[in-house]
Amino acid sequence: MASQLSRIMRPDDANVAGNVHGGTILKMIEEAGAIISTRHCNSQNGERCVAALARVERTDFLSPMCIGEVAHVSAEITYTSKHSVEVQVNVMSENILTGTKKLTNKATLWYVPLSLKNVDKVLEVPPVVYSRQEQEEEGRKRYEAQKLERMETKWRNGDIVQPALNPEPNTVSYSQSSLIHLVGPSDCTLHGFVHGGVTMKLMDEVAGIVAARHCKTNIVTASVDAINFHDKIRKGCVITISGRMTFTSNKSMEIEVLVDADPVVDNSQKRYRAASAFFTYVSLSQEGKSLPVPQLVPETEDEKKRFEEGKGRYLQMKAKRQGRAEPQP
Amino acid sequence: MASQLSRIMRPDDANVAGNVHGGTILKMIEEAGAIISTRHCNSQNGERCVAALARVERTDFLSPMCIGEVAHVSAEITYTSKHSVEVQVNVMSENILTGTKKLTNKATLWYVPLSLKNVDKVLEVPPVVYSRQEQEEEGRKRYEAQKLERMETKWRNGDIVQPALNPEPNTVSYSQSSLIHLVGPSDCTLHGFVHGGVTMKLMDEVAGIVAARHCKTNIVTASVDAINFHDKIRKGCVITISGRMTFTSNKSMEIEVLVDADPVVDNSQKRYRAASAFFTYVSLSQEGKSLPVPQLVPETEDEKKRFEEGKGRYLQMKAKRQGRAEPQP
Amino acid sequence: MASQLSRIMRPDDANVAGNVHGGTILKMIEEAGAIISTRHCNSQNGERCVAALARVERTDFLSPMCIGEVAHVSAEITYTSKHSVEVQVNVMSENILTGTKKLTNKATLWYVPLSLKNVDKVLEVPPVVYSRQEQEEEGRKRYEAQKLERMETKWRNGDIVQPALNPEPNTVSYSQSSLIHLVGPSDCTLHGFVHGGVTMKLMDEVAGIVAARHCKTNIVTASVDAINFHDKIRKGCVITISGRMTFTSNKSMEIEVLVDADPVVDNSQKRYRAASAFFTYVSLSQEGKSLPVPQLVPETEDEKKRFEEGKGRYLQMKAKRQGRAEPQP
């Protein structure tokens with residue numbers, strides 16, 4: 001059974017130019033995913049559980065959404081492994097004045113069911129029924145692929161962003177930014193940990209600040225790299241969301257975002273890395289055309305290394321797109 | 001074509017006992033109604049319009065909804081007259097853990113399409129297509145009945161809750177204002193008392209209303225006197241934040257703000273003063289320049305005494321600033 | 001160790017002219033202060049605590065902040081006494097497009113650590129380490145000065161804005177309540193008038209406060225009478241939502257709610273009635289069972305007349321329900 005979620009876009013959902021923040025859309029995607037996967041995982045009489053977001057696959061923002069439009073978010077379960085659920089989410093924007101509808105996003109999310117009695121215990125997922133036999137095999141491949149990729153990206157954890165004084169424009173230090181947020185009740189599930197969508201919204205917000213500082217124009221989210229949620233963030237934590245630019249192509253910027261959680265009251269627990277991802281932003285003119293981006297000037301050895309890695313990801317993605325003959329964002 | 005809207009219920013949507021506020025549900029009902037009727041009224045090529053709510057028929061709340069449940073709101077157009085649209089909305093609550101679904105509301109709303117170019121102009125509504133012929137006749141009866149009832153209840157307009165005092169402009173009574181706020185989960189720390197910052201935000205809000213009523217221009221906070229928090233405000237309290245103007249100089253207004261907390265449910269505890277402060281506001285022109293302020297006219301002995309005290313604080317602060325050779329705000 | 005908090009300013013943070021509300025800034029200042037002082041007070045292994053705001057020193061708003069700018073709030077502990085922490089907070093606004101940074105506020109806040117197990121117990125504060133020896137002595141002077149001033153201003157406590165009428169419990173005056181709300185961007189459609197759903201949410205909120213004050217239990221909305229929207233409410237209005245109890249049956253309360261709009265800035269337009277309705281509330285026990293309601297005592301002729309009218313509506317509705325053999329809410 002599919003799950004559907006719709007909402008009018010309001011001024012607070014958008015930037016000053018009226019473009020809805022990528023983070024607002026990511027938050028709605030995650031809410032739809034959490035509903036359908038929690039419902040599925042409780043569909044058999046067993047221990048009650050809540051589905052926690054473990055990973056979001058790479059997501060493209062195919063067309064911009066504006067204030068006053070209605071976002072329609074639909075979610076469907078496409079695969080289940082023993083302990084995880086894959087959800088496919090589509091987002092459409094509808095202009096209710098002109099009737100125009102556009103596909104704005106396709107996203108794939110992975111959820112894990114956690115016991116309500118003990119949120120550190122992962123439960124088993126009831127198997128989904130496939131309409132075509134190949135679906136199970138295809139799903140298993142996606143499951144294995146993401147599992148492998150999660151392992152590979154674990155190294156990213158050690159790294160943190162440090163402030164610098166009076167940096168030159170176009171350097172990494174110049175646009176580097178952090179948001180600090182005290183987790184409140186409305187950020188959390190009933191069981192006291194932060195909704196994945198809330199975290200993604202903050203990640204997109206900091207990436208947007210980095211991009212705006214760098215190119216000083218109207219900027220919008222073009223895509224988000226796979227996001228891995230390494231650990232739950234609990235109520236009462238302070239979270240630091242740090243962003244730094246890693247790479248620029250002619251018309252795009254890649255920003256690495258790291259999320260660290262700090263249990264303020266509980267002294268026994270140390271600060272830990274909760275999530276990380278790469279966001280790609282583009283710069284738009286007032287007419288909504290994509291603008292050239294000032295080139296990033298990496299200074300330190302680390303920055304140069306990250307720039308090359310970003311270039312690698314950029315070229316790989318470009319090749320993939322050309323292979324699939326899809327339009328570039 | 002039906003319109004559907006779904007959302008997880010959060011702590012901010014409910015009271016302290018976890019029951020979702022009727023107002024939260026009414027708001028979702030209206031959003032679903034506004035989407036479907038705006039979409040319908042723009043479905044023919046004509047002048048663009050937005051549907052404005054004109055009336056909601058009597059609505060029963062059939063069963064309570066709780067935090068963590070998913071609200072499903074579905075809307076359907078059931079009748080159109082020349083200038084109005086009738087929308088039928090159903091609300092279901094779904095417990096995604098147990099799978100239980102309940103009908104919580106059925107509502108009937110009437111919308112009127114207003115031209116986007118001129119919101120005082122009512123446009124014509126494209127006729128809806130009925131599946132059964134009787135539907136049009138039944139709808140016409142409901143339309144006539146509500147029209148009649150609207151006329152009958154017009155008398156209520158003249159009636160008001162509080163006696164009209166009609167104070168003179170520039171007096172203390174004229175701009176005096178109060179906010180009443182029911183403390184919600186997001187206003188509170190994890191330990192159940194209100195964040196000091198939440199109280200200060202409400203204090204500034206009421207001071208801003210007093211200042212705006214007094215000088216009817218764009219006003220901004222210039223300074224806040226020391227604020228003392230006499231006592232904690234606990235979850236479930238109703239707080240009354242009252243503001244009155246005490247003094248005006250040529251270009252500034254001083255507003256006294258008092259915060260009183262009323263433990264609604266706990267009968268044993270009495271209303272108490274929680275905080276108090278003086279806010280200073282200035283009036284700005286469209287270019288952001290500071291404007292002269294209409295002089296306050298104190299009437300009673302108390303008001304005159306407070307005016308002199310305010311003048312004392314103003315002169316003292318002015319002297320301090322000149323002593324430190326600091327720029328005036 | 002300093003604490004930092006950064007956030008983009010959104011439409012809801014500002015007034016219609018785009019100036020960020022002083023209250024929004026005060027709220028961020030307090031959040032930064034609460035984080036750093038709670039962290040400090042828990043830095044030694046001892047009883048867990050949360051820092052509660054006790055006082056904010058006089059604060060000037062040095063320059064305005066606008067939507068789209070990033071607010072940077074940094075906090076530092078500058079002094080500790082046995083039971084209190086002094087925090088110095090600076091606020092900078094950054095225009096991320098032009099790079100311009102401005103100091104907007106300097107604030108000094110005092111916190112007191114309260115035990116998590118018993119929030120009425122004040123704990124001891126671990127001493128801060130000073131980099132210069134004079135800092136401790138200077139801090140002690142500020143501590144003594146504020147202590148003195150707090151004592152002096154205690155007289156203000158007795159003073160109240162509106163004369164205490166001390167109405168008897170169960171009368172109309174006892175529970176009568178008003179909310180005043182300044183219409184913000186997120187309350188409005190793209191065309192600048194308030195969503196009907198926003199108005200209804202506020203109407204339900206005031207009805208809930210009246211019902212809670214009357215019966216001091218957990219109360220929920222049982223039904224809403226037809227609501228007529230007499231006139232649009234435009235952006236920039238102040239709306240007053242007033243509620244008074246009109247009738248009680250054994251297990252229900254009827255509350256009349258009136259909405260008046262006041263165009264604050266536009267002097268030419270007068271205050272007008274925008275909507276009105278009757279809400280019915282019931283009182284629930286902790287197990288969710290409907291409780292008896294204290295009987296309303298109407299005092300004036302008007303109150304008695306409204307009581308009889310309410311009784312009429314109640315009996316009519318009861319008859320209708322029995323006619324349709326529907327279950328009572």
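Chain letters run A, B, ... following the sequence lines, proteins first, then strands; residues in each count from 1.
Between D60(B) and R321(C) a salt bridge is recorded (basic side-chain N to carboxylate O distance below 4.0 Å). In summary, K27(B) and D204(C) do not engage in a salt bridge, as defined by a charged side-chain N under 4.0 Å from a carboxylate O.
Proximity to chain C is limited to the side chain of V50(B), based on heavy atoms less than 4.5 angstrom apart. Only the side chain of F279(B) comes within contact range of chain C, with at least one heavy atom under 4.5 Å from a heavy atom of that chain. Contacts of Y272(C) with chain B are absent, with no heavy-atom separation under 4.5 Å from either backbone or side chain. Proximity to chain C (any heavy atom under 4.5 Å) is restricted, for A54(B), to the backbone atoms N, CA, C and O. For V198(C), the parts sitting under 4.5 Å from any heavy atom of chain B are the backbone and the side chain alike.
Rounding to the nearest 0.5 Å places CZ of F61(B) at 5.0 Å from OG1 of T221(C). For the atom pair CG (N228(C)) and CD (Q146(B)), the distance works out to 8.0 Å, reported to the nearest 0.5 Å. Going from atom NE2 of H181(C) over to atom CD1 of I209(B) covers 9.0 Å, rounded to the nearest 0.5 Å. Atom CH2 of residue W110(B) and atom CD1 of residue I227(C) lie 16.0 Å apart, to the nearest 0.5 angstrom. To the nearest 0.5 Å, atom OG1 of residue T280(C) and atom CZ of residue R58(B) are 6.0 Å apart.
Exactly one of V56(C), T59(C), T24(C) qualifies for a side chain to side chain contact (heavy atoms under 4.5 Å, CB included) with M200(B). That residue is V56(C).
For the pair V238(B) and R213(C), the minimum side-chain heavy-atom distance is below 4.5 Å.
Of all the heavy atoms in S177(B) and I180(C), the pair that sits closest is CB-CD1, 4.2 Å. Scanning all heavy atoms of the two residues, the minimum distance from R55(C) to A226(B) falls at NH2-CB, 3.5 Å.
Heavy-atom pairs under 4.5 Å with chain C peak, among E30(B), R271(B), E57(B), M203(B), at E30(B). In terms of non-hydrogen atom pairs under 4.5 Å with chain C, the most contact-rich of C215(B), P64(B), G22(B), A52(B) is G22(B). Taking chain B as the reference chain and counting heavy-atom pairs below 4.5 Å, the highest number among T240(C), V224(C), N19(C) is found for V224(C).
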Check against salt bridge (Lys or Arg N to Asp or Glu O under 4.0 Å), D262(B) and K216(C): CA-CA 11 Å; D262(B) 201 348; K216(C) 301 181 182 305; 5.7 Å; no
Worked check of side chain to side chain contact (heavy atoms under 4.5 Å, CB included) between K232(B) and L114(C): CA-CA 11 Å; K232(B) 284 185 297 291; L114(C) 303 179; 3.7 Å; yes
